[in-house]
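As the structure lists them, so they are numbered: ligands from 1, and atoms in each ligand from 1. The first residue in the sequence is number 1, and the count goes up from there.
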Amino acid sequence: MRDYYEALEELLANTQATTQTEVRPLEEAEGYILAEELAVNYDAPMFDNSAMDGYAVCDLDRTEWEIIAVIAAGDDVTAISLAPGQAVRIFTGAGIPANTDSVVPQENTTVTDSRVSVEQALKPGANIRRQGEELKKGDVLVSSQTVISPAAIGLLASQGYASISCFKPLTLTLFSTGDELLALSEALSPGKIYDSNRPMLLSWLKHYAYLNVINGGVLPDDYDTIKQALQQASGNSDIIICSGGASVGDKDYVKQVLDELGTLEHWKLAIKPGKPFAWGNINHRCKVFLLPGNPVASYATTLLMTLPAIKYLAGLSLEKARPKTWKAQADFSIPNNKQGRRDFWRGAITLTETGIWAAPVKGQDSHMLSGCVKADILIEIPGRTNVEHGQWLDVYPLPHSF
Ligand SMILES: Nc1nc2c(c(=O)[nH]1)N[C@H]1C(S)=C(S)[C@@H](COP(=O)(O)OP(=O)(O)OC[C@H]3O[C@@H](n4cnc5c(N)ncnc54)[C@H](O)[C@@H]3O)O[C@H]1N2
Ligand code: MOO
């Protein structure tokens with residue numbers, strides 16, 4: 001059996017990141033992966049400006065000044081220069097005139113006719129946002145291989161970027177396999193069950209703007225049908241995911257088909273759930289992932305193995321592609337842990353005055369999806385390692401939980 005972390009690194013090392021890019025208008029780039037490092041075009045702030053509505057004054061040895069002008073955000077102040085004893089009425093975001101020593105908020109002033117006065121001494125440089133105090137022209141603004149967030153869109157807009165280079169989205173086809181599986185439109189009959197993995201994974205993967213997800217439907221346990229479907233999908237997909245048939249059953253044809261059409265790696269991961277996991281390539285360009293059919297095993301291997309590889313393939317940096325982990329304290333104990341595989345319990349988080357606590361939810365078997373619905377995290381329990389109450393453990397946040 002393979003250690004999870006070693007297996008993940010081996011999978012990532014055997015994954016070739018895309019190099020295909022496209023230029024997208026900034027407003028249509030949220031969720032895509034940036035393909036270039038973008039530099040600071042202009043110092044930020046671009047010019048010294050006021051942080052308050054109030055008065056910009058010159059000479060702090062006095063407490064009263066003559067108001068000589070009104071300056072609003074957007075006004076050009078390059079021709080205005082204050083002499084000692086002079087002030088301007090100024091608004092938040094307006095440029096600071098030359099020779100300003102301080103800006104005093106209007107609530108701290110008394111204004112009579114064209115004169116403004118204060119009662120307390122003013123601090124030099126107060127309430128002035130200085131040019132370049134946040135960003136300097138030429139510095140790195142946003143790093144390549146990162147997902148464009150709404151905040152990044154705002155930041156790039158503030159620097160005048162109207163369009164940016166992103167990695168082209170990848171096409172992913174998703175199949176379920178198994179004679180027992182019914183689509184939701186079909187009537188139940190003895191021995192059959194509804195296909196839950198495909199709707200679950202489709203809805204999850206569609207959240208990634210950099211994936212075009214195709215619903216491949218349910219494949220029966222039939223060698224020729226599976227072969228034809230995989231062959232066809234590999235023609236127009238960068239990625240194929242199949243759930244079911246990753247294990248050792250007589251009807252687990254997907255592995256045989258993948259072996260014949262391309263390459264196959266079949267692993268027993270030392271994790272629970274998610275032991276059987278296979279992957280390979282068709283035509284050297286289409287990456288194929290075979291997930292264990294048990295719904296929770298499909299879910300866990302998507303989070304722990306498949307998504308990191310897909311994210312890296314789609315252009316994210318290795319650091320961003322690896323699954324996120326946090327730390328939480330065990331609100332349980334395992335005094336005599338005999339479980340050989342690394343366990344990933346479905347857990348709930350509680351925030352208290354003593355910190356973050358994690359506890360398993362009800363329904364921990366590989367076929368019990370209800371546990372995933374209640375859970376916020378996967379709690380990592382290393383194999384054959386006892387856990388004490390209060391011990392800090394690694395936890396993996398689940399999609400949509402935070
Ligand atoms: N002799 C052994 N049997 C099994 C082993 C093993 O090592 N030796 N491993 C077990 C583990 S662990 C898992 S996980 C499963 C994985 O099995 P497969 O990937 O081959 O998947 P199936 O056999 O097709 O299905 C397993 C289970 O999941 C249900 N299933 C499958 N697809 C779906 C779907 N799309 N929606 C809902 N439910 C699905 C299926 O009906 C089975 O109940 O193998 C164990 N067996
Ligand atoms: O690994 Mo299986 O995934 O335990 O159910």
Can a salt bridge be assigned to the pair Arg130 and Asp48 using a cut-off of 4.0 Å between side-chain N and carboxylate O?
yes
For Gly274, counting its heavy atoms only, list the atoms of ligand 2 lying under 4.0 Å from any of them.
1 (O), 2 (Mo), 3 (O)
Report the nearest protein non-hydrogen atom to atom 22 (P) of ligand 1: residue, atom name, distance rounded to 0.1 Å.
Gly245 N, 3.9 Å
Could you tell me which atoms of ligand 2, counted from 1 in the order shown, lie closer than 4.0 angstrom to a heavy atom of Arg341?
1 (O), 4 (O)
At what distance is the nearest protein heavy atom to atom 46 (N) of ligand 1, and which residue and atom is it?
Ser247 OG, 3.9 Å
Can we say Lys168 and Glu22 salt-bridge, meaning some charged N sits less than 4.0 Å from an Asp/Glu carboxylate O?
no
Under 4.0 Å from ligand 1, counting heavy atoms only, is it the side chain of Asp252, its backbone, both or neither?
side chain
Looking only at protein heavy atoms, which one is nearest to atom 40 (C) of ligand 1, and how far off is it?
Glu180 OE2, 3.1 Å
Yes or no on salt bridge (charged side-chain N to carboxylate O under 4.0 Å, His left out) for Asp3 and Arg342, after CA distance, side-chain angles and deciding distance?
CA-CA 8 Å; Asp3 174 68; Arg342 202 183 284 278; 2.8 Å; yes
Taking 4.0 angstrom as the limit and counting only heavy atoms of Ser366, give me the atoms of ligand 2 inside it, by number and element.
2 (Mo), 3 (O), 4 (O), 5 (O)
Scan side-chain atoms only and decide if Thr385 and Asn337 contain a donor-acceptor pair under the 3.5 Å cut-off.
no
In this structure, does ligand 1 have an atom that sits under 4.0 Å from one of the heavy atoms of Pro295?
yes
Considering distance alone, does some N or O of Asn294 sit under 3.5 Å from an N or O of ligand 2?
yes
For atom 33 (C) of ligand 1, grab the closest protein heavy atom and report residue, atom and distance to one decimal in Å.
Asn197 ND2, 3.4 Å
Looking only at side chains, do Thr350 and Thr352 share a donor and an acceptor under 3.5 Å apart?
no
If only side-chain N and O atoms count, and only distance matters, is there a donor-acceptor pair under 3.5 Å linking Asp53 with Thr92?
yes
Ligand 2-proximal atoms of Pro273, by part, heavy-atom distance under 4.0 Å
both
Test item: Tyr161 side-chain N/O and Asn41 main-chain N/O as donor-acceptor pair under 3.5 Å
no
Quick one: does Ser196 get a heavy atom under 4.0 Å from ligand 1?
yes
Would you kindly check if the NZ (Lys) or CZ (Arg) of Arg198 is within the cone defined by 45 degrees around the ring axis of Phe175 and under 6.0 Å from the six-membered ring centre?
no
For atom 30 (N) of ligand 1, find the nearest protein heavy atom and state the residue, atom name and distance (0.1 Å precision).
Gly293 O, 3.4 Å
Please state which part of Ile193 comes within less than 4.0 Å of ligand 1, counting heavy atoms only: side chain, backbone, both or neither.
side chain
What atoms of ligand 2 come within less than 4.0 Å of a heavy atom belonging to Lys275?
1 (O), 3 (O)
Evaluate the criterion side chain to side chain contact (heavy atoms under 4.5 Å, CB included) for residue pair Arg89 and Tyr55; output intermediate values, then yes/no.
CA-CA 5 Å; Arg89 174 83 171 112; Tyr55 296 85; 3.4 Å; yes
Can a donor-acceptor pair be found between the side chains of Asn197 and Ser176 at a distance below 3.5 Å?
no
